[in-house]
Amino acid sequence: MARMKFLCDAERCTECNSCVTACKNENEVPWGINRRRVVTINDGEPGERSISVACMHCSDAPCMAVCPVDCFYQTSDGVVLHDKDLCIGCGYCFYACPFGAPQFPSTGVFGSKGKMDKCTFCNGGPEEDHSHDEHRKYGANRIAEGKLPLCAEMCSSKALLAGDGDEVADIFRERSTYRGAGTGAWGWGTAYNRKGV
Amino acid sequence: MKLISRQGVEQSVEDGLLANNLITRRSFIKRSGIATGGAIAAGSLPTVFITRSAQAEVASADKKVKTIRSVCTHCSVGCGILAEVRNGVWVGQEPDFDHPFSLGGHCAKGASVREHGIGERRLKYPMKLVDGKWKKMSWEIAIDEIGNKMLEIRKQSGPDSIYLLGSAKFSNEQAYLFRKLAAMWGTNNVDHQARICHSTTVAGVANTWGYGAMTNSYNDIHNSKAMLLIGGNPAEAHPVAMLHIFRAKERNNAPLIVIDPRFTRTAAHADEYVRIRPGSDVAVVWGMLWHIFKNGWEDQEFINQRVYGMNEIREEVAKWTPNEVERVTGVKEKQIKRTAKLMADNRPGTLIWCMGGTQHTIGNNNTRAYCVFQLALGNMGVSGGGTNIFRGHDNVQGATDLGVLSHTLPGYYGLSAGAWKHWSKVWDLDYNWVASRFDQSSYEKSKGKPVKPMNTKGITVSRWLDGVLEDKKNIAQKDNVKAMLFWGHAPNSQTRTNEMKKAMEKLDMMVVIDPHPTVSAILPDRKDGMYLLPASTQFETYGSVTASNRSLQWRDKVIEPVFDSLPDQTIMYKLAKKLGIDKQLFKNIKINNDEPLVEDITREFNKGMWTVGYTGQTPERLKKHMRNLHTFDKTTLLAKGGECNGEYFGLPWPCWGTGDMGHPGTPNLYDTSKPVAKGGLTFRARFGVERNGTNLLAEGSYSKGSAIKDGYPEFNDKLLKKLGWWNQLTSSERKSAEGKNWKTDLSGGIQRVAIKNGCSPFGNAKARAVVWTFPDPVPVHREPLYTNRRDLVKDYPTVADRRSHYRLPTRYASIQEKDYSKKYPLILTSGRLVEYEGGGDESRSNKWLAELQQDMFAEVNVVDANNNNLRDGKMMWVEGPEGGRIKVKALVTERVEPGVVFLPFHFGGYLGGKSLEHRYPKGIGPYVLGESANTALTYGYDTVTQMQETKASLCRIWQA
Amino acid sequence: MKCLSTLFLCAVLSVQVFAEEAKTVDAQAYSQVLKESYIEEDKAVKLPEKLGYSGTPGTKFWRGVRSGISYQTQVRGDDTGVFINADGEYWRLYRNNVATVGGTIIGLSLLLFLLLYLLFGKFGVEGGFSGEFVQRFKLHERILHWGTASLFIVLGITGLILLLGRYLLIPMMGTETFAPIATVAKAIHDVLGPIFSVFLLVMLIRFIKDNFYQPGDVNWVLKGGGLFGKHVASWRFNFGEKVWFWIIFFAGTSIAVTGYILLFTDLVSGQRQVVELSHILHTVSATLMIAVLFGHIYMSIAMDGSLLAMTRGKVDKNWAKQHHSAWYEGKV
């Protein structure tokens, strides 16, 4: 069974933010909610590198582990999704997530943050595929159409890769071979239990 | 009222986020097992949510989605867009993986173009300013009032008092029509952004080897063994170009060298980053050439065969010893030598430049120096080499080619009587009628003879404000500019905002024709005499667009014009009709419901654009290419098999001869390894055949399969006869070609026969390293007008003031004489951000982009920040030497070196620390406003093209 | 053991966070300070002439990724500049263990006092009730007590639903039924929390003067509070009650303060660790209070006549003599 993964090639990411706007476009995410972001380290200095970060769909997802209402589930493709109908907006997932993926519409008066929103790997939610409710709550369901997340598909320099982990790894391995230098893959080890990769 | 078309827009995720629905009805019914808790919850569920989702399920039953192919309207890469449309509403965007340029990729702007079709911040109806308030009006009344005013001004002050400011956002057809409209109106006061973008490139490069354009293509960078970027930051300005750059970097291990005053996001990925002082481009290039000549790394055979004047260059370069280079640029010998060696060792190497090189008072010197560098290494005319000049806007190349410029007619024919006669013939109009439209007096002299305004260069876009403000007697036309038509122009992309504001206030009439109100609508303190007309975006009409690599692409219409907006060609028709020139303007063009038929316009310019080979790109061929995108090779751009077999994608110009001739387009200019019929080319014989006893024609170099195995001049009827090829023309071609040359023979016969014999229609000459017609024949370094290196002014002074340069007096030495550096010690430079484009009126109105850049800022080095008591993220003032000041956020960074302040130029809507937001018509201003960098930027114009200086000025900074 | 070590790590971490917090003005400056400490170390790694060298990003880069420092990003929001929130992992470990440990402690406490009651039943008053009463708690004191108590019970139950519901209730009723319950529980918890904190504060002020150490308290402890038959003198509150008071004082204050942080996370924007730490303190304190509360309830029921003090405000004279002789004598 394919396991869906994201991989961001730090050697190629130029912080063009196309992944961010592609996500907004595809999922109609409102102002203030960012399912994906690009972070730049050593900004303006030698060694500057940028990385696009979103939900990494971890194998052993901390958000799933801490949710008090157990609203998360993992699809057979390894995509971590959640049910907004169950979500109580407690914010625990945000505190547990290594990548800062969960987003909330309000920062909360009396702790009410609203329903959590996060990257769905463009795989919608628990509702029927392509139903209006699914689109309204979770945005696109590209996986059901046989497509991959738009952020990766639209990446200007093909730095952000998404798809079946084996294929993503192959593409990246080939690239690294040509490059002949360090890998520059970010988050792989953390998300997929391969520390030290 | 076209509001209806929006009602089908899907509800956003926002509802899902903000809705306090505990459980939806459907899932509740489906899942209610132990229902006690659930029942309570359902009881407390607001009914509105239940009804809404029930309705929506019915609505979403209609799933018929149409996919339409278009091209991104931001930068010049020309990325493919696949738009999904349902019920006339643009509901989705898909990556166009088949597209040879972008391979599905987009930058932040491209990935969000759908917002233009669904966004709310568009100009919705024609409006005018009445007593300081915006009043809605109908198109008919608006056109009527504007036309009456134009005619009134024409009567009083002549046609030259109306300035037609066009746009690089026009399609080729609209650009052509706009230039023709200006011609029919009777003025050369027509121009567009290219003037302040790559005009120095076009002038410098065209005068070096024939054509002023990117010589190779983005895709051809795949073949480069080295890449030298100078004054360019594709990571932010052309992100998809990075895809091709990375490919060469990774596959060929091609070193990526970035020369820039600023450690850009591109530099972050470079193998070698060379930091220079702003405005010292010529010095750094000559510094590299010094090492190349010293070590004999130049390609002497190439120079002998194909370059004129390299010895004069050698003399100039000899002055640029490593010490002198370090004194002027700040770069150490070791690094200059290493960079030069990297380029010499890795051939072919490409040289890429952008606005960092062009926007200077000596921009034309810079661009020619780059060309000379490539010529010396023999990198021209080869795949993987070339000067890959990345243009700015999506169709700035096309709008330039089609002559939305004050110094030429479409196709760079110039403004001579011959040029007018050629175009009059194409237009099927009487030349005398066309001439009668112009002011018949004369205000300038050429070679001692008076020249009429019809044949003199108009005022440039960079100087229109001086055309308003300058004393009438100093301007080489009848009267000042009295009315401006801002047709797709962001005024905040021009320097000297404060003076521009004055000019806008002095005008009798201002007309803004644009999808957005732009800064023009809010900058002047006006109470009346201003009109806003809503134009459609390119997604709401169709036509061809020329990417930076000279490929033409056909855009299909994605959606119908939103709100009350109209496509530009329709507005042009309405205006022409009002002005009484519609019969002439649209003589060969069919009109449907006030909308000119776009294909007819393409066909018309196909008939006349022989110089740059815009003749073979018929609408039918272009549409065929768009249908067969997937058949083109992603590196060579050559179609393998299929309908377009053997053609290059988008028929990159020159695509010689008529469409029937089937020329495949020219992927790499001046590439002699291919026959001309298959996209090969030689350097253009544009500058004569001999100079001071030296042969200007190529020697021993010719394109593959050429019948003439040496240099030859450009083709005309006489040459054909001399060669004995006259009989190869058909009888009808002979009739048309008699007395004509390759540029003016409307039958295309001369071109056809030349190509049939393997020759370039424009001859086979040497590129000239020395442009004897320019103020500086050999490119030399000259200090910027505002410089803090007073020690260099003596050695590298600017030129003398000029009395009339594009009709206006232009100052150089009189500014440089004065020392401003005591009060203004820091260098001020400007540039782009990836999220925005140009003046940003469009991109700052896009909510997905605006969210990512919410504050105008200035990049300041840590040292300068500490010296001036600035803190990161706190407000600061920046003031230029002409007194323009802006209040911005400080971004303390090592990205700029001490002594340099950088400003992004996309912001507008603030002036001198005050917001002008209240002046926008309600609800249609951009989401993000900010100070315009150009308020602080200063006077300074290129000696050849009037390009504005935005990359090297002075400033002072202090805490706000 | 794992849980304890986690708690310890969290505590160490929290000390660090607060220590740094005290020194800095805002989160941005704090982040900058941390960032620079990394840059310093890597000066040796930089190739001075190869600016922008594009080889492997190297240790500096990866260390930065793991550092939890906020870097540059165009996206606004909480901690958007942080690559990896490493502290989240500690919090997660805690969160996954507290249910078992905390739940067990509470369960054991409940069991213990239930057993005690079942085994020993009620303890009568020496010499029986006299029928004469003495005022022990005034009306406002009783209102304070019961207000705080009832709020605490509701908060305790709703809190436990959120803490343990996933393990105890979801297996019973499924997520679809539990989610609305949890939503309601959370809403109640969020609204009543601040009210509770007000009651708590006033109650603490009202009773604090009688809960300081008084002579004889040590004797009360040594004699096991009279558990072994011998009478010991005691003031208005005996030492056991005083301990209960101080548990409420510290744990209650902790609950209230951390509760406010959890309610208004805006207050600590960009300081995710503070919220994580607050959550830990909140739950630990609450668990402690709930566990001890069962003892308090047991005492009030098992000691015959005790409950009257809080219901009618008056206690039997003999009860007073037996349990709070020093106070009774002082009163008479």
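Numbers restart at 1 for each chain; the letters A, B, ... are given by sequence-line order, proteins then strands.
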Flag the pair [X] / [Y] as yes when at least one side-chain heavy-atom distance between them is below 4.5 Å, and no otherwise.
{"X": "Gln74(C)", "Y": "Glu15(A)", "answer": "yes"}
{"X": "Pro98(A)", "Y": "Glu89(C)", "answer": "no"}
{"X": "His279(C)", "Y": "Tyr92(A)", "answer": "yes"}
{"X": "Val75(C)", "Y": "Val20(A)", "answer": "yes"}
{"X": "Pro68(A)", "Y": "Arg166(C)", "answer": "no"}

Next on the checklist: Run the salt bridge (Lys or Arg N to Asp or Glu O under 4.0 Å) test on Arg37(A) and Asp79(C) for me, step by step, so that the C-alpha distance in whole Å, both residues' side-chain angles and the decisive distance to 0.1 Å come before the verdict.
Outcome noted: CA-CA 11 Å; Arg37(A) 66 191 196 276; Asp79(C) 284 348; over 6 Å; no

Item to check | Backbone of Tyr95(A) reached by a side-chain donor or acceptor of Asn85(C) within 3.5 Å | outcome: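 Checked: pair present.
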
Checklist entry - Do any N or O atoms from the side chain of Thr175(C) and from the backbone of Asp70(A) form a donor-acceptor pair under 3.5 angstrom? => result no

At what distance, to the nearest 0.5 angstrom, does [atom1] of [X] lie from [atom2] of [Y]?
{"X": "Phe83(C)", "Y": "Phe99(A)", "atom1": "CZ", "atom2": "CZ", "answer": "11.0 Å"}
{"X": "Asp85(A)", "Y": "Thr183(C)", "atom1": "CG", "atom2": "OG1", "answer": "10.0 Å"}
{"X": "Ile181(C)", "Y": "Ile88(A)", "atom1": "CD1", "atom2": "CD1", "answer": "12.0 Å"}

Next on the checklist: Show, in sequence, the C-alpha distance, side-chain angles and deciding distance for Trp91(C) and Val66(A), and conclude whether the side chain to side chain contact (heavy atoms under 4.5 Å, CB included) test is met.
Outcome noted: CA-CA 9 Å; Trp91(C) 181 76; Val66(A) 298; 3.8 Å; yes

Considering only heavy atoms, which portion of [X] lies under 4.5 Å from any heavy atom of chain A: side chain, backbone, both, or neither?
{"X": "Arg92(C)", "value": "both"}
{"X": "Ala86(C)", "value": "neither"}
{"X": "Leu162(C)", "value": "both"}

Next on the checklist: So which residue, Cys63(A), Cys67(A), Gly100(A), Cys87(A), ends up with the most heavy-atom pairs under 4.5 Å with chain C?
Outcome noted: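 Result: the option with the highest number of such pairs is Cys67(A).
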
Item to check | chain C contact via Cys97(A) - which portion, at a heavy-atom distance below 4.5 Å | outcome: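 The backbone, not the side chain.
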
Item to check | Engaged part of Asn17(A) at the chain C interface, taking heavy atoms whose separation is under 4.5 Å | outcome: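 The side chain, not the backbone.
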
Checklist entry - Would Phe178(C) and Val69(A) count as a side chain to side chain contact (heavy atoms under 4.5 Å, CB included) if you check the C-alpha gap in whole Å, the side-chain angles of each, and the deciding distance to 0.1 Å? => result CA-CA 7 Å; Phe178(C) 178 68; Val69(A) 292; 3.7 Å; yes

Checklist entry - If you tally heavy-atom pairs under 4.5 Å against chain A, which of Thr80(C), Val82(C), Ile170(C) wins? => result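 Most heavy-atom pairs within the cutoff with chain A belong to Thr80(C).
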
